There are 2 protein chains.
Amino acid sequence: MATRTRRTDALSREVIVDAATRILDDEGEDALTLRALTVRLSTGYGALYHHVANKGDLLAAATDEVLARAMTGVAAAAEPRDTLRATALSLFDAITAHPWIGAQLAREPWRPALLAIYESVGEQLEALGVGEAALVDSAGALVNYILGVAGQNAANARIQAADGSSLAAGAEQWAQLDPLRYPRLHRAAARLGDHDDRQQFVAGVDLFLAGIEAVHGRDAAGR
Amino acid sequence: MATRTRRTDALSREVIVDAATRILDDEGEDALTLRALTVRLSTGYGALYHHVANKGDLLAAATDEVLARAMTGVAAAAEPRDTLRATALSLFDAITAHPWIGAQLAREPWRPALLAIYESVGEQLEALGVGEAALVDSAGALVNYILGVAGQNAANARIQAADGSSLAAGAEQWAQLDPLRYPRLHRAAARLGDHDDRQQFVAGVDLFLAGIEAVHGRDAAGR
DNA sequence: ACCTGAACACCGTTCAAGT
DNA sequence: ACCTGAACACCGTTCAAGT
């Protein structure tokens with residue numbers, strides 16, 4: 001009997017979005033089909049379409065959910081710089097844990113959760129002394145960096161998981177690149193061994209912050 | 001008779017990839033089906049699969065083609081900084097002209113054209129004085145910024161084209177945001193009128209270069 | 001080797017019918 | 001209002017058969 005309780009629960013948009021997220025996480029993007037959802041929730045197609053407009057709507061809602069949760073988990077630090085780092089890392093970790101989000105970000109770039117991210121990053125940059133005229137550019141660049149790199153990283157991880165290869169295998173592939181055509185990539189392969197993606201990600205955030213400070217910051221020349 | 005000449009040409013991977021690119025550009029991502037390709041090339045499914053492994057392979061090849069062409073079109077400038085700007089803009093324009101590339105970048109991040117981009121960006125950063133230890137991080141961050149922002153931008157343009165709205169309509173939407181929840185976005189809406197996406201994109205590249213120079217550059221403190 | 005096109009398994013979505 | 005599930009149009013891919 002316990003195995004049938006689901007049927008008696010009222011179906012809701014939230015229940016459907018959660019089930020979709022679990023399928024995406026556990027079995028990958030291709031495993032999320034409307035059919036799989038009807039089985040998981042022991043319901044019919046019409047029931048799903050009663051709460052959700054279509055599959056795109058479902059994917060967008062799931063993405064929103066994950067990003068919103070990642071943002072609420074960020075604790076404000078004393079220094080805006082640290083809050084920004086924490087925000088970036090929280091988003092990085094969320095996208096790493098739910099790699100299907102990467103493809104989704106390229107499709108629906110203006111959902112509510114994205115607005116909250118822009119607003120929060122803008123707030124911290126303002127606290128860093130970035131003036132209003134430069135705020136849109138700076139926040140846009142930083143948010144795009146965060147989501148872009150996190151998405152790329154998740155895509156890499158997904159591919160490595162799919163073909164069973166590892167980071168070491170990736171480095172070996174780089175090492176086999178033609179040294180004449182790709183001299184720098186070839187040399188960089190030697191460094192990939194002691195390479196931490198998460199750390200490189202934060203290093204990029206810091207590069208950005210250094211640039212913002214140099215160009216738009218409180219102490220920048222000409223201000 | 002002239003209308004049937006295609007049939008007598010030998011089919012090749014290149015011809016198929018070009019036809020796919022044209023369908024993607026002219027009619028959008030959803031319009032590219034294997035069926036549409038057989039009609040366009042007046043051939044059968046087996047002929048296509050003889051030259052191409054599957055649809056994913058086809059999309060990846062088309063992406064590679066466009067990115068590779070964008071890179072060969074970049075003229076080396078006297079200053080590495082200018083070469084980097086030209087590279088970034090060439091990629092931005094290519095992705096804007098072929099917006100379906102955005103979704104593809106999230107899926108197959110390590111194709112040959114991407115390697116060439118990393119190598120080229122790495123070369124310019126090296127010329128700017130970035131040391132070998134910092135080269136991977138810096139190039140990774142910058143390339144990800146370029147592709148990420150260009151992709152987001154193309155996605156926005158695609159959505160605006162799809163629903164017939166304009167940038168002004170987007171700004172109006174921002175202006176209607178709850179000023180209490182999104183104060184900065186609400187205020188920024190007023191600035192969106194005289195907003196040039198391409199210009200904001202270059203501004204982001206410059207922020208990055210300023211940061212790289214400050215942290216890793218030839219004249220950075222402690223070097 | 002290169003190509004044809006019917007056939008297969010599967011997909012998202014709809015909708016008349018039920019409660 | 002909420003749900004069921006057969007049916008529809010369409011997709012990527014395969015493959016026996018042709019040249």
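Computed from a predicted model, the values in this text were never measured in an experiment. In what follows, chains are A, B, ... by sequence order, proteins preceding strands, each numbered from 1.
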Quiz item: Within the side chain of B:T38, is there an N or O that forms a donor-acceptor pair under 3.5 Å with the backbone of B:G44?
Solution: no
Exercise. Please state how far atom CG in B:D30 lies from atom P in D:dG12, giving the value in whole angstrom units.
Key: 10 Å
Quiz item: Judged by atom type as modelled, is there a donor-acceptor pair below 3.5 Å linking the side chain of A:T83 to the main-chain atoms of A:A77?
Solution: yes
Practice problem: Classify the nucleic acid contact of B:L48 as base, sugar-phosphate or nothing, counting any heavy atom under 4.0 Å across all strands shown. | Solution: nothing
Quiz item: Does a sphere of radius 6.0 Å around CG in A:D30 hold more than 12 heavy atoms from other residues, nucleotides or ligands, not counting ones at 6.0 Å or beyond?
Solution: no
Exercise. Taking only the side-chain heavy atoms of A:Y45 (C-beta and beyond), determine which of C:dC11, D:dG12, D:dA6 contains the nearest atom.
Key: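 Closest of the options to the side chain of A:Y45: D:dA6.
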Self-check item: Those residues that, when tested against A:D57, pass side chain to side chain donor-acceptor pair (under 3.5 Å) (two or more places apart)
Solution: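 So A:D57 forms a side chain to side chain donor-acceptor pair (under 3.5 Å) with A:R13.
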Quiz item: Near DNA chain D, which residues from residues 49-58 of chain B have a heavy atom under 4.0 Å away?
Solution: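 By residue number: B:Y49, B:N54, B:K55.
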Quiz item: Sub-3.5 Å donor-acceptor pair from the side chain of A:S90 to the main-chain atoms of A:A86, do we have one?
Solution: no
Quiz prompt | Under 3.5 Å: donor-acceptor pair, side chain of A:S120, backbone of A:A116 | solution = no
Exercise. Look at the aromatic rings of B:F201 and B:Y145 and report parallel, tilted or perpendicular, splitting at 30° and 60°.
Key: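 B:F201 vs B:Y145 ring planes: parallel.
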Practice problem: Please report the shortest heavy-atom distance between A:A113 and A:A68, naming the atom on each side. | Solution: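 Heavy atoms only, the tightest pair is CB-N, 4.1 Å.
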Practice problem: Give the rounded distance in Å between these two atoms: CZ of B:R35 and P of C:dT4. | Solution: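 That distance rounds to 13 Å.
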Quiz item: Out of D:dG12, C:dT4, D:dC3, which nucleotide sits closest to the side chain of A:L11?
Solution: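 Comparing D:dG12, C:dT4, D:dC3 against the side chain of A:L11, the answer is D:dC3.
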Quiz prompt | Backbone of B:L32 reached by a side-chain donor or acceptor of B:E27 within 3.5 Å | solution =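 Flag not set: sc B:E27 to bb B:L32 has no pair under 3.5 Å.
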Quiz item: A:T33 or A:G46: which one's nearest nucleotide on DNA chain C is closer to the 5' end?
Solution: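 By nearest-heavy-atom nucleotide position, the 5'-most residue is A:T33.
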Self-check item: Separation of C:dC11 P from A:L37 CG (nearest whole Å)
Solution: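 Nearest whole value for this atom pair: 12 Å.
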Exercise. Determine the stems involving DNA chain C; a stem requires 3 or more consecutive pairs of the Watson-Crick or G-U wobble kind, each with both distances below 3.5 Å, and the answer is none if no such run exists.
Key: C:4-8 with D:12-16, C:12-16 with D:4-8
Self-check item: Atom-pair distance (CG on A:L34; C1' on C:dT14), nearest Å
Solution: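 Going from A:L34 (CG) to C:dT14 (C1'), I get 12 Å.
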Quiz item: Could you give the CG-to-C1' distance, from B:L32 to D:dT13, as a whole number of Å?
Solution: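 Rounded to whole Å, this separation is 15 Å.
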